[in-house]
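Single-structure report; data block below.
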Amino acid sequence: MSHTFSSTPSSVAVSLVYDFHNIEPKWQAVWENSGVFSVPDIPLPEQPKYYVLEMFPYPSGQLHMGHVRNYALGDVIARYKRAQGFCVLHPMGWDAFGLPAENAARERGIHPKEWTFANIDTMRLTLKRLGLSLNWDREITTCMPEYYGQQQRLFLEFIRAGLVERRESWVNWDPVDQTVLANEQVIEGRGWRSGALIEKKKLSQWFLRITEYAQDLLDGIKSLDRWPERVKTMQERWIGRSEGVKIRFPLSCPPDALEPHLREVTVFTTRPDTLFGMSFLAIAADHPLALWAAEQNPQVAEFVAECQRLGTSIESVETAPKRGIDTGLRVSHPFLNTDFPVWIANFVLMDYGTGALFGCPASDQRDLDFAREYNLPVTPVILPPEIEKSGNQDHYCIEAQAYTGNGRLINSDFLNGLTTHEARRVVIERLEKQGLGESVVHWRLRDWGISRQRYWGCPIPIIHCATCGAVPVPEDQLPVTLPEDVSFEKPGNPLEHHPHWKHTNCPVCNQPAIRETDTFDTFVDSSWYFSRFTAPHALTPTVSEAVHRWLAVDQYIGGIEHAILHLLYARFFTRAMHRTGHVDIDEPFAGLFTQGMVTHESYKDQDGHWVYPEDVERTSTGAVHRITGEPLTVGRVEKMSKSKRNTVAPAAIIERFGADIARWFVLSDSPPDRDMEWTEAGVSGAGRFVQRLFRSVCGVAAEKTALLSCKKDLENSLVKKTIESSVTESCKTDFIQKTDKKSVQEQKTVADSLRRMTHRTIVAVTEALEHFTINVAVARIHELTSALIATEDHFKNKTKTSQHEEQQREMAFARFECARTLCLLCAPMMPHIAEEMFSRLCPEEGLVVCQAWPQASQEWLTVTRVTVAVQILGKLRGTIEVSPDEEATRVIARAQADPRVARFLQGKKIVKTIHVPNRIVNFVVKDV
RNA sequence: GCGAGCUUGGCGGAAUGGUAGACGCAGGAGACUUAAAAUCUCCAGCCUGUAUGGGCGUGUGGGUUCAAGUCCCGCAGUUCGCACCA
């Protein structure tokens with residue numbers, strides 16, 4: 001990437017204030033015009049690639065601070081990797097379909113498209129103002145046919161690959177949003193967006209068969225070694241593999257009227273070893289047999305209806321007692337000559353297992369509660385080891401607590417004496433042999449229902465024909481575009497109400513037919529956008545060489561809130577795209593980083609209304625309203641949210657402080673994976689530092705000009721040698737003609753220590769960036785800046801004799817190297833100011849974004865003196881200064897001789913000495 | 001209930017098992033200034049002492065180790081996730 005630009009003309013007076021209003025847009029324009037950030041669809045084979053991606057935003061209106069943190073973090077990685085020589089893909093797009101657009105349409109009469117694009121424009125402007133190193137030429141907007149048309153293509157291929165099903169099923173119906181929700185979108189029985197109580201409804205829905213990949217998705221987690229542990233655990237539990245047994249219980253005297261398929265009940269259990277402890281069989285209220293029983297008996301019907309009314313809301317779950325009703329039916333036990341009653345119980349869930357279980361009250365707390373409620377027998381079958389040891393087994397019985405642990409089997413016929421583990425095996429063998437059951441793996445994960453009765457989403461490319469059924473739209477008719485002339489007057493789906501959009505002809509028989517009016521769940525849109533970014537404008541969903549070269553995403557960054565839904569869907573989608581030949585990997589995100597939230601204090605006025613931070617003035621005792629002076633209550637520090645009004649708008653912050661200061665602050669205080677508190681004091685503190693850094697580096701630039709103006713020829717060698725980075729002894733002698741060795745020596749010590757500090761900082765910042773501890777990188781840059789400032793006086797105070805000129809040059813060199821290094825080190829976090837300082841400091845070198853990441857030179861990393869801690873019995877008693885290669889015996893002797901140490905050693909005998917070279921000497925002593 | 005994470009000064013936090021509190025914020029003192037702001041310098045875990053010093057300190061109780069914020073086992077608090085999961 002070659003580029004030219006004109007550096008700051010030397011005639012312009014050096015301004016000592018970082019004027020971001022002018023400087024930041026200037027460099028943004030330079031970057032844009034030089035195209036430094038764009039990368040080819042197919043990167044050159046000899047250059048290593050790096051794909052860094054932040055979760056793309058939903059265009060809700062305004063960028064918020066969470067976005068700023070997310071994208072600043074991603075940009076640090078992108079710029080750092082670029083400096084390290086990687087070809088960096090760092091794209092941005094918009095997750096642009098979704099319900100809020102439709103709500104805006106209903107509430108304010110704006111068309112969803114108009115609303116969405118206006119928001120995108122606003123947010124894009126703020127993003128650009130942040131100076132992120134993004135590939136804007138790869139921008140994706142999911143609500144544009146260029147994107148969603150390809151998604152429809154993928155869907156048709158998934159159908160052919162057997163990954164799609166249309167099923168009549170009970171769905172979660174959100175009565176407020178008037179749409180179906182996936183299980184994942186129902187939180188505590190309420191819609192994740194509307195908060196409305198979810199109803200059960202039976203509808204024909206499209207499903208993606210994610211369960212087919214359940215095992216694979218589970219196994220794949222093991223390979224994700226750069227994912228946070230807790231995200232992996234959450235996914236594991238969500239997939240929820242459990243190994244158990246399906247056991248068939250035939251009804252002992254089935255009524256004649258009962259249909260044959262209802263004449264046995266299948267239960268799922270993970271504890272077949274407790275089979276002999278059975279005292280009842282319980283089925284869910286919406287189990288087919290329960291429904292049949294309800295038809296026979298009004299009392300049962302009433303109970304079933306009551307269970308359905310209570311639903312699954314959290315209140316009903318926690319407060320409802322274990323309740324049930326006896327159906328009067330009985331089932332035979334596989335191994336016992338008795339039969340057991342079939343109850344309908346409110347704690348049995350139809351959508352887990354088979355919707356039926358056998359109750360063993362002794363070994364399950366719920367079963368026990370139920371048994372106590374209805375006076376059902378409780379037979380202990382597992383003897384706890386401690387009871388066994390105590391020898392009290394004859395009197396062992398279950399009281400209020402079920403025993404759920406392991407032990408030895410009792411009261412269990414052929415299982416008696418076996419351990420729970422053995423019993424499980426034996427019972428399964430027996431059941432399988434007798435054809436009464438088989439081991440099965442049960443998954444918590446359900447297939448992914450993707451139909452939404454919504455307008456603002458990707459149309460499902462299907463045509464319903466009375467004779468041919470559901471027919472995929474032929475590829476040459478894609479994309480199926482959304483009509484724009486829709487009305488939001490009526491509730492429900494506007495596509496349904498559109499006068500003619502849904503009317504078409506069947507692609508097979510050409511008879512009049514109806515388009516599918518449901519649209520895709522928007523999680524579909526975000527399940528493959530990262531693949532699309534590799535060739536965003538292709539006429540196929542992906543281009544094989546591009547995805548092959550770019551995927552997987554090396555570093556994905558986003559909020560923990562997507563730990564399950566989005567990440568699981570994306571992992572599944574990638575597998576589905578692999579099967580259909582669109583990508584050649586299974587795991588889309590090699591590295592995942594989940595950043596913490598941005599929090600802020602919240603404020604309430606006397607009437608209990610939330611007050612925005614910009615209207616608040618902090619006083620020594622509390623807070624008052626900036627305008628009215630009314631005292632305010634300072635509330636908790638919590639996640640920024642519109643409802644609490646504890647938000648600060650990024651656009652306003654950038655206007656006041658500039659992008660770099662905002663970025664610097666958001667990166668500086670807290671480790672990126674923890675929550676950070678946004679404070680006014682914090683951001684202005686960041687501002688002070690930035691100005692300090694700027695003044696200081698500009699000062700070095702001025703010194704350099706002053707010093708080199710007399711000896712022009714020096715400039716080239718100075719700069720050249722610094723760029724080459726390994727600053728050698730011979731290079732130094734270019735600057736020091738050793739006229740007066742002694743006085744030079746003194747100055748040299750200061751200069752040398754600055755140079756050592758500079759190189760140490762390179763190592764520390766590099767390490768910190770590798771470890772994602774950006775806050776530590778920031779701290780190290782602070783330190784180096786302070787070190788640079790500390791040498792200012794050293795430089796100025798020396799008189800200008802010829803002798804001191806050499807010292808000054810030594811110092812100037814150290815300061816120049818330090819300042820140049822600072823520019824490079826802070827560039828990932830504060831790219832604008834880095835460019836500005838760099839252009840003043842070394843205008844001949846071009847852009848910072850094109851500079852290689854600084855390399856620490858070993859010469860300056862070796863230390864000449866180290867402080868060694870001296871301990872007695874592990875307690876610090878003193879420190880000594882040694883040279884790194886000092887002999888161990890000498891170090892120990894000196895440690896012993898330290899006055900403070902010596903005092904503690906008095907009257908003691910050293911029994912052992914631990915010496916960790918250049919770190920510590922520890923004397924193990926005892927009294928004489 | 002199950003699972004995961006977290007717990008270090010007034011606050012955010014730093015610390016390959018090796019000098020706890022780097023760096024920053026807030027605070028204090030001083031310099032510069034007519035003054036303020038800005039800037040610069042210094043101080044700052046707690047207790048004790050005039051001081052050199054001494055004692056105690058990383059939620060809590062144990063353990064391992066010459067040495068523990070760090071490793072192991074318990075407990076508490078807290079945050080998040082899942083949950084009548086058979």
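Treat the numbers as computed from the prediction; the structure is a model and nothing was measured. Naming: A, B, ... by sequence-line order, numbering from 1 per chain.
The nucleotide whose nearest atom lies closest to any side-chain atom of A:Asp669 is, among B:rC84, B:rA67, B:rG24, B:rG24. Which of B:rG81, B:rA14, B:rC23 sits closest to the side chain of A:Glu783 comes down to B:rC23.
Look at the P atom in both B:rU33 and B:rG24: the space between them is 27 Å, to the nearest Å. B:rG81 and B:rC72 have their C1' atoms separated by 27 Å, with the value rounded to a whole Å. B:rC82 and B:rA68 are spaced 34 Å apart, taking the C1' atom of each and rounding to whole Å. The P atoms of B:rG55 and B:rA20 are separated by 13 Å, rounded to the nearest whole Å.
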Do A:Glu783 and A:Arg760 pass the salt bridge (charged side-chain N to carboxylate O under 4.0 Å, His left out) test, and can you show the C-alpha distance, the side-chain angles, and the key distance before you say yes or no?
CA-CA 11 Å; A:Glu783 280 172 321; A:Arg760 270 207 315 276; over 6 Å; no

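Of the nucleotides present, B:rC80 is the one that pairs with B:rG3 by Watson-Crick or G-U wobble criteria, both distances under 3.5 Å.
In this model, no side-chain donor or acceptor of A:Arg674 finds a partner on the base of B:rC6 within 3.5 Å.
In this structure, A:Ser668 reaches neither bases nor backbone, as no heavy-atom distance under 4.0 Å exists between it and the strands shown.
Salt bridge A:Arg424/A:Glu243: absent, no basic N to carboxylate O contact under 4.0 Å.
Remark: the A:Thr420 side chain and the A:Asn406 side chain contain an N/O donor-acceptor pair separated by less than 3.5 Å.
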